[in-house]
Amino acid sequence: MSRPNLFPALPPAPAVGGDVTLTRDDMKFIAALVYERAGIVIREHKEAMTRGRLARRVKALGMGSVAEYCAFLKTPQAAGELPELINAVTTNHTAFFRERHHFDHLRREVMPRLVQERAGRRGRIRIWSSACSSGEEAYSIAAACRDAIGPRSDLDFRILATDIDTDILARAEAGLYPAELFERLPADVKPLMRLEAAPGRGEARIAEELRRMIAFKHLNLIEKWPMKGPFDVIFCRNVFIYFDTQTKAAILDRFVTLLAPGGFLYLGHSESLPQPHPNLRLIGRTIYERTA
Ligand SMILES: C[S@@+](CC[C@H](N)C(=O)[O-])C[C@H]1O[C@@H](n2cnc3c(N)ncnc32)[C@H](O)[C@@H]1O
């Protein structure tokens with residue numbers, strides 16, 4: 001994969017305290033490493049943010065400077081640190097029922113049809129949340145689908161939820177959130193979350209009934225995927241924005257291969273296909289259907 005020239009005319013990085021100075025060479029080195037390992041493009045204007053995120057690793061490792069951290073990353077001993085670097089640079093912003101129209105489409109249009117088609121013979125339904133962050137997207141899918149499925153047990157229904165960030169996945173799997181996040185949910189979707197009391201004050205836990213619908217797994221979208229599919233629905237929201245066109249196009253081709261004909265792909269609000277795809281038809285706001 002050829003690397004884009006990300007820093008054509010970057011001025012010297014301003015220092016915030018002597019120890020977190022990020023030189024232009026170190027910034028280039030980090031950007032190239034993150035691009036190679038995760039496909040994430042760190043642009044010039046993200047330099048201050050990158051510096052702050054690296055500073056956390058510098059502190060965690062008891063190092064004296066970002067320069068020392070970058071030098072360490074160049075040694076063979078740093079292999080175990082690379083996932084931590086990726087965890088540090090990912091942006092995990094998410095929310096329950098974010099971009100509500102996708103969940104409405106799933107609950108009111110996609111699921112009733114799939115349930116009707118497949119119920120009665122333990123028919124298989126598979127949904128993939130492909131950059132699930134701290135789990136809000138996957139639990140919203142589970143809540144919407146549980147509502148459409150009802151109490152029936154004649155379906156083999158599973159959600160796969162994956163992310164590159166190992167720290168955020170552990171949080172997702174716990175299903176524990178500040179209770180105030182649920183208080184802000186619209187009244188019609190709040191009961192769908194089926195919350196349980198949590199041990200911590202001010203916390204709520206997603207009910208076991210929803211938690212067991214989901215398998216959380218580590219997966220890097222730019223590496224090999226172990227799944228064979230087919231998926232009826234793939235959520236790939238608010239992660240393409242971090243990738244360049246060639247990375248997006250390659251991932252998109254693989255999504256299409258894993259998507260069942262008639263299946264749906266949901267992208268994030270500011271995302272679109274890198275180029276028109278012969279097997280995908282736009283049928284709603286950032287909703288694509290696999291046509292063949
Ligand atoms: C902004 S969050 C989006 C969360 C959720 N999909 C949503 O829309 O609310 C982006 C997520 O993409 C993940 N990510 C970034 N690069 C990735 C990669 N190469 N493979 C898998 N996940 C990646 C990040 O760890 C982060 O959790």
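Residues: numbered from 1 along the sequence shown. Both ligands and their constituent atoms are indexed starting at 1 by order of listing.
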* Structure fact -> the protein heavy atom lying closest to atom 9 (O) of ligand 1 turns out to be Thr94 OG1, 2.6 Å
* Under 30°, 30 to 60°, or over 60°: which ring-plane class applies to Tyr266 and His102, parallel, tilted or perpendicular? -> parallel
* What residue and heavy atom of the protein are closest to atom 23 (C) of ligand 1, and at what distance? -> Ile164 CG2, 3.4 Å
* To do: Compare Asn92, Asp163, Thr90 and give the one whose heavy atom is closest to atom 11 (C) of ligand 1.
  => Asp163
* To do: Indicate, as side chain, backbone, both or neither, the part of Glu137 found under 4.0 angstrom from ligand 1 when only non-hydrogen atoms are considered.
  => side chain
* Asked: Taking the non-hydrogen atoms of Ile241, is any one of them nearer than 4.0 angstrom to ligand 1?
  -> no
* Heavy-atom check, side chain of Arg100 versus side chain of Pro186, under 4.5 Å -> yes
* Under 3.5 Å side-chain donor-acceptor pair for Glu136 and Thr94 -> no
* Ring centroid separation for Phe96 and Tyr139, is it under 6.0 angstrom? -> no
* **Pair Lys248 + Glu271: basic N to acidic O under 4.0 Å** => no
* Asked: Heavy atoms only: which of Thr91, Val239, Ile40 is nearest to atom 2 (S) of ligand 1?
  -> Thr91
* **Check: Ile222 N/O within less than 3.5 Å of ligand 1 N/O** => no
* Structure fact -> Short version for Phe243: what comes under 4.0 Å of ligand 1, heavy atoms counted, is side chain
* Asked: In terms of residue, atom name and distance, what is the protein heavy atom nearest to atom 7 (C) of ligand 1?
  -> Arg98 NH1, 3.2 Å
* Which residue from Gly268, Ala172, Ala131 reaches closest to atom 4 (C) of ligand 1 through any of its heavy atoms? -> Ala131
* To do: Report, in ascending order of atom number, the atoms of ligand 1 lying under 4.0 Å from any heavy atom of Leu219.
  => 20 (N), 21 (C)
* Any ion pair linking Arg118 and Asp154 (charged N to carboxylate O, less than 4.0 Å)? -> no
* Asked: With a 6.0 Å cut-off on ring centres, are Phe264 and His105 close enough?
  -> yes
* Asked: Which heavy atom of Ser272 sits nearest a heavy atom of Leu267, and at what distance?
  -> C-CD1, 3.7 Å
* Structure fact -> of all protein heavy atoms, closest to atom 3 (C) of ligand 1 is Arg237 O, 3.5 Å
* To do: Determine whether any heavy atom of Gly39 lies closer than 4.0 Å to an atom of ligand 1.
  => no
* Over 12 non-hydrogen atoms of neighbours within 6.0 angstrom of CZ in Arg171 -> no
* **Short N or O distance, Asn238 and ligand 1, threshold 3.5 Å exclusive** => yes
* Polar atom proximity, Asn220 to ligand 1 (N or O, under 3.5 Å) -> yes
* Give a yes or no on whether Val110 and Ile234 share a hydrophobic cluster (residues Ile, Leu, Val, Met, Phe, Trp, Tyr; joining criterion: side-chain heavy atoms under 4.5 Å apart). => no
* Structure fact -> Asp165 heavy atoms within 4.0 Å reach ligand 1 at atoms 25 (O)
* Asked: Nearest protein heavy-atom contact for atom 20 (N) of ligand 1: which residue, which atom, what distance?
  -> Leu221 N, 2.9 Å
